[in-house]
Protein chains: 2
Amino acid sequence: MSREKRKLVSIKDIAQEAGVSPSTVSRALHNHPHISTETGERVQRLAHEMGYTPSLLARSLVTQDTATIGLVITYTADPFLSRLVQGVEETARNSGYSVFLSSSYRDYERELEVVRSFHERRTSGIIITGSQIDTDYLDLDDRFPLPIVLINCRTYPYSVSADKISGAKQAVEHLVQLGHRRIAFVSNAKLSTDLDRQTSYQQVLREHDIPIDDTLVVEGDGMLESGVRAGQKLLSLPQPPTAIFCFNDLTAMGVLTALREADLQVPRDCSVVGFDDLEISAYLCPPLTTVRQPCYRMGQAAIRMLLQLIRGENGIQAEILQTELIVRQTTGLAPEPS
Amino acid sequence: MSREKRKLVSIKDIAQEAGVSPSTVSRALHNHPHISTETGERVQRLAHEMGYTPSLLARSLVTQDTATIGLVITYTADPFLSRLVQGVEETARNSGYSVFLSSSYRDYERELEVVRSFHERRTSGIIITGSQIDTDYLDLDDRFPLPIVLINCRTYPYSVSADKISGAKQAVEHLVQLGHRRIAFVSNAKLSTDLDRQTSYQQVLREHDIPIDDTLVVEGDGMLESGVRAGQKLLSLPQPPTAIFCFNDLTAMGVLTALREADLQVPRDCSVVGFDDLEISAYLCPPLTTVRQPCYRMGQAAIRMLLQLIRGENGIQAEILQTELIVRQTTGLAPEPS
DNA sequence: TGAATCTCTGCAAACGTTTGCACAATCATA
DNA sequence: TATGATTGTGCAAACGTTTGCAGAGATTCA
């Protein structure tokens with residue numbers, strides 16, 4: 001177990017050993033056409049024997065390309081993002097790119113800092129999700145002269161989003177069809193993408209001549225615990241809702257917990273709809289009705305768009321992926337008014 | 001929106017503009033003591049105005065230090081790992097390090113490939129979790145001359161683990177205390193760390209003179225779906241178990257689903273214990289009794305150990321963090337034998 | 001035989017930094 | 001006034017690669 005800092009072997013060392021010039025070694029290792037098979041093989045063998053590992057630092061410096069992209073997310077622990085990260089990472093790797101990952105914790109300063117750090121490392125491009133930079137993306141573009149793709153930020157020209165408007169619409173309409181008229185919405189005030197859901201929510205209600213009751217809209221932050229609190233708050237209303245549409249599945253899980261603690265049956269006493277369709281959502285009790293966001297494919301689409309930008313292709317435009325209502329067992333007919 | 005490839009400004013450009021040498025610029029930017037305040041300020045101002053972003057590539061090449069560590073995990077989507085990643089990333093960042101993340105998908109070849117890729121990028125060190133390299137870690141050490149810390153691999157000298165032996169023991173003993181004698185175990189054959197749990201399981205049974213029944217040990221893979229299948233298999237036994245100890249919380253969630261689909265009540269008809277204590281586990285229905293692994297702190301400990309290795313400190317030894325049984329509502333008294 | 005072509009290899013510059021050393025100018029000291 | 005210390009700056013090498021260009025032999029062709 002030798003842990004001392006050994007000097008790494010470089011192309012020069014191989015050159016010396018093989019009695020050729022460094023350039024020849026470099027070419028031999030890259031199967032350059034003009035290298036004799038004899039030299040080629042000898043160099044390759046030596047490189048292997050001497051335990052040579054090329055330095056991508058040095059190479060990137062001259063080729064001006066790191067084959068690396070940076071991915072900024074809000075929290076690693078967010079299960080929705082996990083799948084997205086996987087989509088980015090797998091697709092990137094298949095194209096020969098590696099991925100730097102860093103979290104912004106929904107903090108504007110931190111987000112900028114991460115982007116700068118990526119740029120210093122000369123990543124070929126950057127993908128940002130849950131961006132706080134919404135408003136001044138122009139500034140972003142100005143400050144960092146490298147391709148950037150945003151996820152779920154439709155104001156930015158290069159972005160990938162899920163169609164939340166349609167998703168939310170389907171969800172609320174589903175509830176209306178089941179006879180619900182007191183439908184609550186648990187929002188995520190901190191995230192701008194939340195607006196799409198909320199707008200759809202109100203629109204559907206209006207279309208069905210259902211009065212909009214502000215007390216039925218409560219604020220959350222997209223996490224479990226806030227779902228619980230939101231649920232409790234809604235249940236304590238003089239006239240509680242018969243259905244609750246949630247910002248995401250985690251919030252819905254919290255709401256379900258609140259309902260259970262209040263000894264209410266789902267969906268008999270109250271229906272619940274989530275958003276995201278996390279893997280676990282199908283295994284809840286009861287299995288959650290929710291709007292599926294194609295998180296993996298969103299990651300995939302984002303990295304593809306980024307690679308196009310890196311290659312300098314043009315005609316690239318924002319992409320919107322479809323969402324889909326998955327009806328499971330947390331939604332049912334509205335209870336008869338007693 | 002200018003997306004064309006602008007030439008980045010370098011130290012030389014600033015030097016030219018300021019009428020000094022590149023070395024002076026470099027020193028000015030690092031607040032080197034021997035620089036006159038006048039020059040210092042002028043250079044700093046120019047650097048800012050010209051939009052200078054230092055190249056960490058070039059710097060790393062000469063300083064021989066990238067201030068970057070590589071983190072290899074099995075799947076990004078594994079919620080247990082998400083917290084661990086967070087522990088690594090936050091702690092790394094506080095020490096001025098960035099993190100490369102890549103997944104191995106539990107594939108040996110892939111894992112080696114990722115490690116090699118990290119080494120090519122000259123990461124200062126590497127953390128591996130869910131390693132498949134268990135047996136020939138010596139080979140690993142030989143092949144990659146850089147500090148490596150493994151998580152949950154006790155055979156490797158530099159490792160951080162949770163005390164699974166004690167955790168599993170607490171879990172099974174808890175079940176025995178509740179009067180259970182037919183206790184099943186859902187394993188994860190693919191992971192060597194599973195052995196600790198299984199050994200403890202058998203040991204506790206022996207200590208209490210409970211016969212070991214091989215049909216009560218079924219194989220899973222640590223994912224939701226395999227938990228469902230394992231549950232179904234156990235329930236179809238001529239004499240099904242009254243309690244099921246699961247490799248991890250996801251498996252337990254699957255088992256709970258199987259029980260629910262079979263119209264069995266938890267814990268009245270069957271008790272269930274998980275392992276990990278994911279955040280969601282407290283919000284399941286019923287809330288899951290489980291063994292808590294300090295995943296965040298494990299990540300933290302791993303990166304700390306790695307930084308010590310990087311600094312060349314000695315006297316470093318494997319670290320084992322405590323686990324803790326969290327009793328919630330999926331465990332109860334064994335049903336009376338009918 | 002000479003010229004042209006082809007095959008293989010080396011030289012040297014470049015990428016963008018850092019840093020040891022030398023040097024010039026200024027200043028304080030004796 | 002000479003001496004030494006101090007302060008600020010520049011030169012040049014180094015980090016480990018890649019690559020355009022040139023050149024040396026070998027081969028082909030007329």
Side-chain angles (χ1 to χ4, degrees), chain A residues 5-44 46-47 50-68 117 119-124 145-146, chain B residues 5-44 46-47 50-68 117 119-124 145-146:
Chain A
K5 220 166 192 167
R6 297 170 237 173
K7 179 90 165 43
L8 295 184
V9 4
S10 79
I11 265 190
K12 285 184 197 165
D13 301 323
I14 305 179
Q16 183 149 21
E17 196 72 20
V20 295
S21 77
S23 10
T24 302
V25 174
S26 172
R27 287 193 259 254
L29 294 176
H30 286 67
N31 297 313
H32 188 94
H34 287 329
I35 291 289
S36 72
T37 34
E38 194 266 325
T39 319
E41 281 171 8
R42 189 158 43 98
V43 167
Q44 302 243 19
L46 267 169
M50 300 172 70
Y52 171 69
T53 309
S55 164
L56 254 45
L57 291 184
R59 177 213 299 254
S60 300
L61 196 57
V62 25
T63 61
Q64 298 285 61
D65 176 22
T66 55
T68 301
S117 144
H119 181 37
E120 286 184 348
R121 290 188 152 74
R122 295 295 186 266
T123 56
S124 314
L146 80 175
Chain B
K5 221 166 192 166
R6 295 169 237 172
K7 177 90 165 46
L8 296 183
V9 4
S10 78
I11 265 190
K12 285 184 195 165
D13 302 322
I14 304 179
Q16 183 148 21
E17 197 72 20
V20 295
S21 76
S23 9
T24 302
V25 174
S26 172
R27 287 193 259 256
L29 294 175
H30 287 63
N31 298 313
H32 187 96
H34 287 328
I35 293 287
S36 73
T37 34
E38 193 266 325
T39 319
E41 280 171 9
R42 188 158 43 96
V43 167
Q44 303 242 19
L46 267 169
M50 301 172 69
Y52 171 71
T53 310
S55 164
L56 255 43
L57 291 185
R59 178 214 297 257
S60 299
L61 196 58
V62 24
T63 61
Q64 299 284 60
D65 176 22
T66 54
T68 300
S117 144
H119 181 35
E120 286 185 348
R121 289 188 153 75
R122 297 294 187 264
T123 56
S124 314
L146 80 175

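The chains referred to below are lettered A, B, ... by the order of the sequence lines, with proteins before strands, and numbering in each begins at 1. Both backbone and side-chain heavy atoms feed into the values below; hydrogens, waters and symmetry mates do not.
- Atom CG of A:Leu8 sits about 11.5 Å away from atom CE of A:Met50, to the nearest 0.5 Å.
- As rounded to whole Å, 12 Å separates atom P of D:dT18 from atom CG of A:Asn31.
- The side chain of B:Ser10 lies closest to C:dG16, out of C:dT19, D:dT19, C:dG16.
- For the residue pair B:Ser23 and B:Ser26, no side-chain donor N or O sits within less than 3.5 Å of a side-chain acceptor on the partner.
- Atom CZ in A:Arg122 sits 8.5 Å away from atom CD in A:Gln64 (nearest 0.5 Å).
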### Query
Run the side chain to side chain donor-acceptor pair (under 3.5 Å) check on A:Thr68 and B:Arg121 step by step: do they pass?
CA-CA 10 Å; A:Thr68 301; B:Arg121 289 188 153 75; 2.9 Å; yes
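- When A:Thr66, A:Asp65, A:Leu61 are each tested for a side chain to side chain contact (heavy atoms under 4.5 Å, CB included) with A:Thr63, only one passes: A:Asp65.
- Direction of the helix axis in the helix from C:dT1-D:dA30 to C:dA30-D:dT1 shifts by 50° between the two five-pair termini, rounded to 10°.
- Going from atom CG of A:Asp13 over to atom C1' of D:dG16 covers 10 Å, rounded to whole Å.
- Distance check, rounded to the nearest 0.5 Å: CG of A:Leu46 to OH of A:Tyr52 gives 13.0 Å.
- Interatomic distance, OG1 of A:Thr37 versus CZ of A:Arg42, reported as 11.5 Å (0.5 Å rounding).
- A:Gln64 has a side-chain polar atom (N or O) that falls below the 4.0 Å cut-off from OP1 or OP2 of C:dG16.
- One interatomic measurement links the two molecules: CD1 of A:Ile14 to C1' of C:dT9, which rounds to 17 Å at whole-angstrom precision.
- Here the CG atom belonging to B:Leu29 is positioned 5.5 Å from the CD1 atom belonging to B:Ile14, to the nearest 0.5 angstrom.
- Across C:dT17, D:dT18, D:dC15, the shortest atom-to-atom separation from the side chain of A:Val62 is found for D:dT18.
- The structure places OG of A:Ser21 at 12.5 Å from CD of A:Gln16, a figure rounded to the nearest 0.5 Å.
- One atom, CG of B:Leu29, and another, C1' of C:dG16, lie 13 Å apart when rounded to the nearest Å.
- In this structure, the CG atom of B:Asp65 is 13 Å from the P atom of C:dT18, given to the nearest Å.
- Atom CG in B:Leu57 sits roughly 22 Å away from atom P in D:dA14 (whole-Å rounding).
- Atom CG in B:Leu61 sits roughly 17 Å away from atom P in C:dA14 (whole-Å rounding).
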Give me, pair by pair, the N or O atoms of the protein and of nucleotides 8-10 of chain D that are less than 3.5 Å apart, along with how far apart they are.
unit_1: D:dT9; atom_1: OP1; unit_2: B:Thr39; atom_2: OG1; d: 2.7
unit_1: D:dT9; atom_1: OP2; unit_2: B:Ser36; atom_2: N; d: 3.2
unit_1: D:dT9; atom_1: OP2; unit_2: B:Ser36; atom_2: OG; d: 3.3
unit_1: D:dT9; atom_1: OP2; unit_2: B:Thr39; atom_2: OG1; d: 3.1
unit_1: D:dG10; atom_1: OP2; unit_2: B:Ser21; atom_2: N; d: 2.8
unit_1: D:dG10; atom_1: OP2; unit_2: B:Ser21; atom_2: OG; d: 3.2
unit_1: D:dG10; atom_1: OP2; unit_2: B:Thr24; atom_2: OG1; d: 2.5
unit_1: D:dG10; atom_1: N7; unit_2: B:Arg27; atom_2: NH2; d: 3.1
unit_1: D:dG10; atom_1: O6; unit_2: B:Arg27; atom_2: NH2; d: 2.6

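- Look at CZ on B:Arg122: it is 9 Å from C1' on D:dG16, rounded to the nearest Å.
- Of the candidate nucleotides C:dT18, D:dC15, C:dT17, D:dC15 has the atom lying nearest to any side-chain atom of A:Lys12.
- If you check every strand for non-hydrogen atoms under 4.0 Å, A:Ser55 touches sugar and phosphate atoms only.
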